[in-house]
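Below you'll find the structure, written out as structure tokens, and then a few comments.
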There are 2 protein chains.
Amino acid sequence: MDDGRATTTRGGENLLFLTDEQLRQGIEAMFFAYRGFTADPDRILSDMAYGRAHHRAIHFINRAPGTTVNNLLNILGVTKQSLNRVLRTLIEDGLVESRVGTSDKRERHLFLTEDGHALESRLSDAQRARMRTAFRDAGPEAVAGFRTVLEAMMDTEMHRTYQRLKESGA
Amino acid sequence: MDDGRATTTRGGENLLFLTDEQLRQGIEAMFFAYRGFTADPDRILSDMAYGRAHHRAIHFINRAPGTTVNNLLNILGVTKQSLNRVLRTLIEDGLVESRVGTSDKRERHLFLTEDGHALESRLSDAQRARMRTAFRDAGPEAVAGFRTVLEAMMDTEMHRTYQRLKESGA
DNA sequence: CTTGGAATGTCAACAAGGCTGACTTAAACT
DNA sequence: AGTTTAAGTCAGCCTTGTTGACATTCCAAG
């Protein structure tokens, strides 16, 4: 299926970055980097009764205040039962507020409370700090490349979601 | 703590890639890309009684045949109870072989069987195919940047582990 | 106005895959 | 001989995902 060899090709284009060894290094880099990526928030959350799922919910509610449950479901890619369990605890603990929709009263619009914003800041400050250091150490060209490859790795569905979020940003 | 603004600075260096908005996009790109990254193997594994944990074990046993349990534990960053549950099923199902060490008989050296290699290929072919497409679409410079940022995101411990693996490769 | 379907929520049961703690066995080191 | 190390095992717990069934509310089309 693959001879693992790719040196130079048509037009003198260098495709050495497509050898199996290079691909494997990319795969392993993804594995280790994702661990680093989640390490800081995980540490903060382990002290509480929360986990990564709570972090994700909080992140995207903060990102798009007033978002509906259904919308959040599509972004997170989990079942409503799974999300509901997380949301229920966050609402009970007073970190998230759920307001009945005005135009469509079936919908619930989600907002962070003051306490919710406080936790969101703690979590994303930690994660941003790591990202900032990595970005600074790597430099602007590397960051551009990083983003290009990550976008190419997404499914088309997720990529659309990501683009929509990106455009809605500040 | 952070005013979220970073335009240009000393030496005319452009630090626009360090704004909070840029960092958030990086964070969200990581989130969505990791889902894409694991999607194909997950699909294959969901038909069997295996999960992502089995995939990881198989990957690294294939990467470093004869590795000890302790070594695998350090790479994966889980408890031995957690890993043992996975290894036991893989050994029972005849995908992994565990050989008593020759110099130190306390150690067990792990190898993939023929069936193990077959599954490993199915899984990594799918993952590599996605990575290859992403790399090809993004181009060599982007790939270099991708790797640079990912390495900068790792904890120093993980980074050492990653480097060791990288150097041991082909 | 009624009925079908959509959005949401809830209950129950289950599985994967993390974790801690306690304990055993065998081998190696001191 | 005694301690440490590598590995394995048992029991129990947690988070977070799943499916399936079902209730409620409400919009919208017939």
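Within every chain, numbering begins at 1; the chains are lettered A, B, ... in the order of the sequence lines, protein sequences first and strands thereafter.
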With no angle test and no hydrogens, is the base of [N] tied to the side chain of [X] by a donor-acceptor pair under 3.5 Å?
X     : N      : result
A:R85 : D:dG17 : yes
B:Q81 : C:dG21 : yes
A:K80 : C:dT8  : yes

Quick one: is [N] close enough that its OP1 or OP2 comes under 4.0 Å of any side-chain N or O from [X]?
X      : N      : result
A:R56  : D:dG17 : yes
A:N70  : C:dA6  : no
B:T79  : C:dG18 : no
A:R108 : C:dA7  : no
B:H54  : C:dG17 : yes

Exercise. With respect to the side chain of B:R88, which nucleotide from D:dT19, C:dA28, D:dT9 is positioned closest?
Worked result: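 Nearest nucleotide to the side chain: D:dT9.
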Side chain of B:R52 only, heavy atoms from C-beta on: which candidate in D:dA7, C:dG9, C:dG17 is closest?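 Within the option list, the nearest is C:dG17.
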Hey, are A:H59 and B:E28 close enough side-chain-wise for a donor-acceptor pair under 3.5 Å?
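Per modelled atom types, B:E28 and A:H59 side chains form a pair under 3.5 Å.
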- Message: Checking A:H55 against A:E120: is there a side-chain donor and acceptor pair closer than 3.5 Å?
- Response: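 No, because no side-chain N or O of A:E120 sits under 3.5 Å from a partner of the opposite role on A:H55.
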Subject >> Nucleotide C:dA16, atom P - distance to CE of B:M48 in whole Å >> reply: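 Computing the B:M48:CE to C:dA16:P distance gives 14 Å.
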Exercise for the section: Check each of A:F60, A:F37, A:Y34 against B:F31 using the ring pair (Phe, Tyr, Trp, His ring centres under 6.0 Å) test, and report the only one that passes. Expected result: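 That would be A:F60.
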| query | How about B:F146 and B:F135: are their ring centres within less than 6.0 Å of each other? | reply |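 Here the rings of B:F135 and B:F146 have centres that are less than 6.0 Å from each other.
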- request: May I ask you to say what B:T89 touches in the nucleic acid, namely base, sugar-phosphate or nothing, with a heavy-atom cut-off under 4.0 Å?
  value: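 Result for B:T89 = nothing.
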